[in-house]
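Taking it in order: structure first as structure tokens, then the write-up.
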There are 2 protein chains.
Amino acid sequence: MTRARAAVLETLNGSREPMSAGGVAAAVAGCCDQATVYRALHYLEDEGLAESFVLHCAERGVERFYVGANAPHRHWFHCESCHRFIDLGACRIGGLVSEFERELGLRVSRHTMYLSGKCRDCAARTVP
Amino acid sequence: MTRARAAVLETLNGSREPMSAGGVAAAVAGCCDQATVYRALHYLEDEGLAESFVLHCAERGVERFYVGANAPHRHWFHCESCHRFIDLGACRIGGLVSEFERELGLRVSRHTMYLSGKCRDCAARTVP
DNA sequence: TGATTACTTGCGAATCATTTGCAAAAATAC
DNA sequence: GTATTTTTGCAAATGATTCGCAAGTAATCA
Ligand SMILES: [Mn+2]
Ligand SMILES: [Mn+2]
Ligand SMILES: [Zn+2]
Ligand SMILES: [Zn+2]
């Protein structure tokens, strides 16, 4: 575990929400280069120390977001208004995924699920 | 509905699987430019005539895939080996999404879910 | 029908997240 | 310490997607 990788991992584990590579790079600015951040994120994901998913946000476009793997695998809601993530808790679709595997003979190695819309605060801020 | 848009829509509705913008552009090659294809896809999605999601495939990277909206909203499995999609049928997580809305006060306007791994054929082709 | 206005297209250049080549730096092996 | 392997910084390349702008079509009006 090199200094750069440790810094990236610590940033991820210290964050309450998923972070984009750009966000991580900003957080470790001065410590390591953006290419190093991308390489470190790949490394951490390979080692099972981080998880990622690709999210599309209408305003900010498509980006990959990373989460430290210190907590169990989970899913997220993304607010398209304030751009915060809300933790949906531990994965609740494991059973459904297994059903698909059985029904269709698939070997599922990875699943992606996320919701987007308006969080409670942003929804309250507009029409009730 | 212009000629270009009609060609793109017909391509989507005629396809058994989600198509990338590049795939659509190849299918309508000669008929219209790639920029026009992208614009037509946006137009169709705005009009509710197509749906899309962003998928990450280890080998081919991140791309947006489109489906004609002639069938009800559904989800897909993507085989990382043969790169085909398998239809998982009509959405089965509507209830779960509503639960999250209630529990957390969210207003969910869109959800993304897909599985990836090996399809039955590709799984059989390797270790049983 | 011809002129006016509004929307769509093609082409090429620009964007933006992400990746890569390469030489220097750091870590590990001998 | 010296040789060997791995990691890093920097700058340039990549690839999907978007944009500017002039030309092409369609719709509207006199
Ligand atoms: Mn956002
Ligand atoms: Mn694929
Ligand atoms: Zn919000
Ligand atoms: Zn397959």
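Each chain gets a letter, A, B and so on, in the order the sequences are listed, and its residues count up from 1. Being a predicted model, the structure only gives us computed values, none of them experimental.
- Sorted by first and then second residue, the ring-ring contact (aromatic ring centres under 6.0 Å, His included) pairs with a member in residues 82-109 of chain B read B:Phe65-B:Phe85, B:His78-B:His83, B:His78-B:Phe85; sequence neighbours excluded.
- If you chain together ILVMFWY residues whose side-chain heavy atoms come under 4.5 Å of each other, A:Tyr38 ends up in a group of its own.
- When rounded to the nearest whole Å, the span between CZ of A:Arg5 and P of D:dT6 equals 11 Å.
- Note on residues 2-14 of chain A: pairs passing side-chain hydrogen bond (donor to acceptor under 3.5 Å, both in side chains), not counting sequence neighbours, are A:Asn13-A:Asn70.
- For DNA chain C, the span of nucleotides reached by chain A at under 4.0 Å from its heavy atoms goes, 5' to 3', from C:dA17 to C:dG21.
- Look at CG on B:Asp33: it is 14 Å from C1' on D:dA23, rounded to the nearest Å.
- Taking CG of A:Leu106 as the start and NZ of B:Lys118 as the end, the distance is 13.0 Å to the nearest 0.5 Å.
- Residues forming a salt bridge (charged side-chain N to carboxylate O under 4.0 Å, His left out) with A:Glu103 (at least two apart in sequence, or on another chain): B:Arg92.
- Residues forming a salt bridge (charged side-chain N to carboxylate O under 4.0 Å, His left out) with A:Asp33 (at least two apart in sequence, or on another chain): none.
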What is the per-nucleotide protein-contact pattern of nucleotides 13-22 of chain D, from the 5' end, where B denotes a base atom under 4.0 Å from a protein heavy atom, S denotes such proximity for sugar-phosphate atoms only, and - denotes neither? ---SBBBB--
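- Within the structure, side-chain hydrogen bond (donor to acceptor under 3.5 Å, both in side chains) contacts touching residues 41-52 of chain B (residues at least two apart or in different chains) are B:Glu45-B:Ser52, B:Glu51-B:His73, B:Ser52-B:Arg64.
- Taking the side-chain contact (heavy atoms from CB on, under 4.5 Å) definition, one finds that A:Ala90 meets it with nothing, sequence neighbours left out.
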